[in-house]
Amino acid sequence: MKDIISNLLLQAAQTLVSDTSQLSIMLERPKSAEHGDFACNLAMMLAKPLRQNPRAIAEQLVAALPPSEVIAKVEIAGAGFINFYLADTTKQLIVKQILEAGSQFGHNSTGEGEKVQVEFVSANPTGPLHVGHGRGAAVGDCLARLLAANGWDVTREFYYNDAGAQIDNLTKSVLARAQGLATDDPSFPENGYHGEYIADIAKAYLAKETVSADDIEVTASGDLANTESIRNFSVAYLRHEQDLDLRAFQIQFDVFSLESALYSSGKVEETVQALIESGKTYESEDALWLKTTDYDDDKDRVMRKKEGGYTYFVPDVTYHLEKWNRGFTKVINEQGADHHSTITRVRAGLQALDVGIPEGWPNYVLHQMVTVMRGGEEVKLSKRAGSYVTLRDLIEEVGCDATRFFLAARRADSQLIFDIDLARAQTNDNPVYYIQYAHARICSVLSQWGGDVAQLASRDLSALSAPSEATLMQKLSEFPEVVKNAANELAPHMVANYLKECASDLHSYYNDTKFLVDDEATKLARMALISATQQVLKNGLDLLGLSAPSKM
RNA sequence: CUGCCCGUAGCUCAAUCGGAUAGAGCACCAGCCUUCUAAGCUGGGGGUUAUAGGUUCGAUUCCUAUCGGGCAGGCCA
C-alpha cells in the first residue's frame with residue numbers, strides 16, 4: 001500500500017521537479033486518525049530547493065496526483081502535510097491478506113536466507129543464571145526470532161568461558177567446601193564464590209555423582225587431590241544447572257561453544273602468532289601487548305600476562321575469527337553493557353588480523369543493568385556473596401511468559417527495574433495477560449460462533465466500516481512494518497509495544513460492538529476481522545516467545 | 001579525571017527517518033456487566049521531555065556545555 005501511494009506521489013512530483021531520482025518519498029503513519037491513514041512530508045522537504053511555501057507546493061502536488069481507487073480523500077494540513085485517507089475497500093484488504101498468509105503474515109524475505117548468528121547469554125559456568133542473564137536471554141531469543149521472521153537463517157549460540165581465572169576460582173571454592181571450610185573461614189579462597197550452590201557441588205562431588213550437559217557427561221572421582229576432576233565436574237555441574245535454567249525459560253540454543261576448546265585445538269595460539277606477524281604487537285614489562293590504540297582504544301591492552309597466560313580478550317578474538325570462518329557475515333552479540341569495553345578490543349584484534357573482516361563487525365546489542373526490587377529494597381546481585389535472585393526463582397514466582405515479557409518489553413539500552421513484588425502481586429494487570437486475554441477472548445467468540453474459520457478469507461468484508469473497525473484494521477496493517485523495523489533496529493521491545501496497542505484496539509472493539517449478530521453478512525465480516533486479529537496477536541506473541549492461550 | 005549508556009506524568013515505561021495537540025499502564029476521581037470472558041471498556045485530572053544554548057519550516061529525537069544516575073577504564077570476565 002505504501003508503494004502504491006509513494007508511486008502516485010512520485011508521479012506528481014515529476015511535474016514540479018525535473019530530477020526526481022534523488023527524491024525519497026517518506027510516508028508515515030500519523031499518530032492521530034484525524035490525520036488520515038498515511039501522511040507525507042514531501043512538500044516540506046521540497047520547500048527549500050523550490051524556494052516556495054510548503055503549503056503551496058502541497059497544493060500543486062495534490063492537484064497533480066493521478067486518480068486512484070485505493071484512496072478516498074487527500075487533504076493538506078498543518079505546515080504542509082499531505083494526508084491520505086484510504087477507501088474502505090482498501091482498508092479491508094488487510095483482513096484477507098492476513099487470513100491467507102496465516103502464521104507467515106508479517107514475515108518477509110529481507111535476509112534472503114543468509115546466515116546470521118545471534119550469540120547471547122554466554123554466562124560463565126560459575127553459578128546459576130540470574131536476572132541479568134534473563135534479560136539477555138529474553139532479548140537475544142527475541143532478536144533471533146525477529147531475524148528469522150525477516151528471512152534470515154539464524155543460529156543461536158552460547159559461548160562458555162570455561163577456561164579463565166574465574167574457573168580456577170570456582171575449583172578452589174568447591175575444594176574448600178568439600179574440605180568442610182565455611183565461607184567465612186580465614187583459609188577460604190580470598191575471591192572465592194560464597195553461594196550455597198558451591199556446597200551442593202562439593203557434596204555431589206564427594207558422592208561421586210554423574211552430571212551431563214550438552215554433549216558431555218562427567219562422573220566425579222570424589223578425590224580431593226585431583227583438581228582437574230573437581231574442575232571438570234564443577235563446570236559440568238553448573239552447565240547442567242544453566243541448562244535447566246534455560247529450559248525453564250523456554251530457550252534453546254543451536255550451538256554451545258567452549259573457550260577451552262579454542263585452547264586445546266591450538267586456535268588461540270594460532271591467533272596470537274598471526275597477531276605477532278601482523279606487527280601490531282610488542283613486548284613490554286614482561287608482557288605481550290596489542291596496539292589497540294591503532295583502532296580507537298584509549299590504551300594498548302595486554303594479551304599475554306607476565307605469568308604466561310592470555311587475557312580474556314585473546315580467546316574472544318579467536319572465537320570471533322572462528323565465527324567469521326564459519327561463514328557468518330552477520331553476527332549479533334547480545335551482552336550486558338558492563339562488558340562493553342571488550343567490543344573495541346575484539347574488533348581491534350580482528351582488524352589487526354587483516355583477513356577481510358569489515359570494521360564494524362560483529363554487531364553488538366548491549367543491555368543495561370537490571371535492578372531487582374523486593375520488599376521495596378534493592379536486592380544486590382553478587383555471585384561471590386551468593387545472595388541473588390536466580391532466574392529460576394523468578395520464573396517460579398512470576399511465570400515464564402510474564403518474566404520474558406518484562407525483560408524484553410523495554411529498550412535494551414535503558415536500565416530496568418524489576419520489582420518482584422509488583423510482578424507477582426499484579427499478575428492480573430500485567431501487560432502480557434492483557435495481550436493474551438485479547439487473544440483468548442477472540443478464541444472464545446470464534447468457538448461460540450462455531451463456523452468454519454478457513455472460509456473467512458473469501459467473505460465479503462464491506463460491512464466493516466465502523467470507526468473501531470477501521471482503527472483495528474489500520475493497526476493490523478502496521479504489523480509487517482513493525483516486524484521489519486524491530487529487526488532493523490535490533491529492538492524487540494517494539495514488538496511488545498505494538499502488541500499492547502493491538503490488544504487495546506481489540507478490547508475497545510469488543511466492548512463497542514457485538515460480533516455474533518443476526519445479520520449473516522455482518523457477522524461473517526466481523527468473524528473475519530477478529531480472526532485476522534487473533535492471527536496477528538499470535539504471530540506477535542510468537543516473536544516474543546510467549547504463549548497464545550485460547551482460554552484464560 | 002576519561003569513555004559509553006540513560007534522564008519523559010507521583011511510579012514503571014512508549015514515542016518509526018527530525019513531524020502535527022508528547023502517549024500507555026499503575027495509582028487517583030466519575031461511569032459501564034440480564035447481553036460473545038469486567039484479566040475488559042469509556043471519560044477526567046496529572047508535563048517547561050533534567051537545565052542552558054545551538055542547528056531549521058519543525059527537536060523528546062541531532063550538536064555543545066552543565067547537573068544527576070548507571071557501567072567501564074584490573075596483566076578479572
Side-chain angles (χ1 to χ4, degrees), chain A residues 24 26 28-32 34-35 39 41 43-45 47-48 53-54 77-81 83 122-124 126 161 164-167 169 191 259 285-289 296-299 301-313 316 336-344 366-369 371 406 409-419 422 426-431 433-434 436-438 440-449 478 481-482 484-486 488-489 491 493-494 496-497 500-501 503-504 506-517 526 530 551-552:
Chain A
S24 65
M26 294 196 280
E28 63 185 28
R29 305 274 188 170
K31 287 174 190 166
S32 159
E34 294 167 34
H35 299 133
N41 61 356
M44 277 113 91
M45 303 295 284
K48 203 162 197 180
N53 180 329
F81 289 99
N83 295 335
S122 294
N124 290 350
T126 52
N161 287 108
Q166 295 303 337
I167 302 299
N169 211 356
N191 294 315
E259 182 186 7
E285 302 168 51
D286 295 330
L288 181 67
W289 298 68
D296 266 352
D297 205 350
D298 323 348
K299 49 177 127 171
R301 306 291 169 176
V302 168
M303 289 172 58
R304 191 173 56 225
K305 306 180 243 182
K306 283 176 192 167
E307 315 90 83
Y310 295 116
T311 57
Y312 64 90
F313 87 90
D316 273 2
D338 53 340
H339 291 149
H340 77 261
S341 57
T342 65
I343 297 174
T344 319
L366 303 179
H367 65 260
Q368 295 289 327
M369 300 289 101
T371 305
F406 259 68
R410 289 168 173 75
R411 290 164 50 96
D413 57 9
S414 66
Q415 291 162 41
L416 186 153
I417 296 176
F418 199 115
D419 188 329
L422 199 72
Q426 297 194 333
T427 299
N428 293 349
D429 292 321
N430 197 303
Y433 294 110
Y434 179 82
Q436 291 176 326
Y437 183 47
R441 270 182 150 177
I442 295 171
C443 292
S444 173
V445 175
L446 287 175
S447 102
Q448 282 175 58
W449 166 56
E478 288 174 24
E481 294 164 37
V482 170
K484 193 175 281 185
N485 288 338
N488 284 344
E489 309 278 323
H493 77 278
M494 292 171 74
N497 288 334
K500 279 192 271 188
E501 292 168 10
S504 171
L506 184 277
H507 285 308
S508 294
Y509 181 39
Y510 184 97
N511 277 274
D512 150 284
T513 308
K514 185 157 170 68
F515 305 149
L516 295 171
V517 291
R526 288 177 182 165
I530 63 170
K551 232 183 262 178
M552 287 177 74

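The structure displayed is predicted, hence computed values, not measured ones. We name chains A, B, ... by the order of the sequence lines, and we start the count at 1 in each one.
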* Asked: Of all the base pairs, Watson-Crick or G-U under 3.5 Å, which form stems of three or more consecutive pairs involving RNA chain B?
  -> B:1-7 with B:67-73, B:10-13 with B:23-26, B:28-32 with B:40-44, B:50-54 with B:62-66
Answer with base, sugar-phosphate or nothing: what part of the nucleic acid does [X] contact at a heavy-atom distance below 4.0 Å?
| X | value |
| --- | --- |
| A:A440 | base |
| A:Q436 | nothing |
| A:N83 | base |
| A:A77 | base |
| A:A337 | sugar-phosphate |
| A:S122 | nothing |
| A:I343 | nothing |
| A:E34 | base |
| A:L516 | base |

Listing time: all N or O pairs from protein to nucleotides 16-18 of chain B that are below 3.5 Å?
from	atom 1	to	atom 2	distance (Å)
B:U16	O2	A:N485	ND2	3.2
B:C17	OP1	A:E489	OE2	2.5

Using the [atom1] atom as the point on both nucleotides, what is the distance between [M] and [N], in whole Å?
| N | M | atom1 | answer |
| --- | --- | --- | --- |
| B:G53 | B:G43 | C1' | 41 Å |
| B:A50 | B:A9 | C1' | 14 Å |
| B:G54 | B:A15 | C1' | 24 Å |
| B:A22 | B:G44 | P | 15 Å |
| B:U34 | B:G10 | C1' | 40 Å |
| B:C29 | B:C71 | P | 38 Å |
| B:G19 | B:A30 | C1' | 35 Å |
| B:G45 | B:C26 | C1' | 16 Å |

Within less than 4.0 Å of OP1 or OP2 of [N], is there a side-chain N or O belonging to [X]?
| X | N | value |
| --- | --- | --- |
| A:R441 | B:A39 | no |
| A:K500 | B:C26 | no |
| A:Y510 | B:C32 | no |
| A:S444 | B:C36 | no |

* Looking only at N and O atoms, is any donor in the side chain of A:Y312 or the base of B:A77 less than 3.5 Å from an acceptor on the other one? ->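 Yes, a donor-acceptor pair under 3.5 Å.
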* Earlier contact from the 5' end, RNA chain B, for A:R410 and A:G164 -> A:R410
* **Pairwise 5' ranking along RNA chain B for A:T311 and A:K551, keeping only the more 5' one** =>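 The residue mapped nearer the 5' terminus is A:K551.
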Nucleotide nearest [X] (side chain, heavy atoms from C-beta), chosen from [options]:
| X | options | answer |
| --- | --- | --- |
| A:M369 | B:G70, B:U21, B:A39 | B:G70 |
| A:K299 | B:G73, B:G40, B:A77 | B:G73 |
| A:V445 | B:U37, B:A14, B:G74 | B:U37 |
| A:Y437 | B:C75, B:U35, B:U37 | B:U37 |
| A:H493 | B:A14, B:C76, B:U21 | B:A14 |

Sequence neighbours left out, what passes salt bridge (Lys or Arg N to Asp or Glu O under 4.0 Å) with [X]? Give chain and number order.
| X | answer |
| --- | --- |
| A:R301 | A:D297 |
| A:E501 | A:K475 |
| A:R410 | none |
| A:D296 | none |

Is there a donor-acceptor pair under 3.5 Å between the side chain of [X] and the backbone N or O of [Y]?
| X | Y | value |
| --- | --- | --- |
| A:S444 | A:A440 | no |
| A:R526 | A:K514 | yes |
| A:T513 | A:F515 | no |

* Glycosidic conformation of B:C33, syn or anti, with 90° from 0 as the boundary? -> syn
* Taking O4'-C1'-N9-C4 for purines and O4'-C1'-N1-C2 for pyrimidines, is B:C17 syn (within 90° of 0) or anti? ->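 Classified syn.
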Starting from [atom2] on [N], measure out to [atom1] on [X] and report it in whole angstrom.
| X | N | atom1 | atom2 | result |
| --- | --- | --- | --- | --- |
| A:M45 | B:U56 | CE | C1' | 12 Å |
| A:H507 | B:U37 | NE2 | P | 13 Å |
| A:Y433 | B:A39 | OH | P | 14 Å |
| A:K306 | B:G74 | NZ | C1' | 12 Å |
| A:F515 | B:U35 | CZ | P | 17 Å |
| A:Y434 | B:A38 | OH | P | 13 Å |
| A:D316 | B:A77 | CG | P | 9 Å |
| A:L506 | B:C36 | CG | P | 16 Å |

* To do: To the nearest 0.5 angstrom, please state how far the CD atom of A:Q166 sits from the CG atom of A:N191.
  =>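 Answer rounded to 0.5 Å: 8.0 Å.
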* If a protein heavy atom is under 4.0 Å from the base, mark B; if only from the sugar-phosphate, S; if neither, -; do that for nucleotides 1-9 of chain B going 5' to 3'. => --B-SS---
* Asked: Does a side-chain heavy-atom distance below 4.5 Å link A:V445 with A:I530?
  ->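 Yes. Closest side-chain heavy atoms under 4.5 Å.
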Listed partners of [X] passing side chain to side chain donor-acceptor pair (under 3.5 Å), at least two apart:
| X | result |
| --- | --- |
| A:T344 | none |
| A:Y510 | none |
| A:H507 | A:R441 |
| A:E259 | A:N161 |

* How far apart are the closest heavy atoms of A:L366 and A:H340, and which atoms are they? ->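 Of all heavy-atom pairs spanning A:L366 and A:H340, the closest is CD1-CB, 3.5 Å.
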Which protein N or O atoms sit under 3.5 Å from an N or O of nucleotides 42-44 of chain B?
from	atom 1	to	atom 2	distance (Å)
B:U42	OP1	A:S508	OG	2.9

* Asked: Stacking check: are the rings of A:H35 and B:A20 less than 5.5 Å apart at their centres and under 30 degrees in tilt?
  -> yes
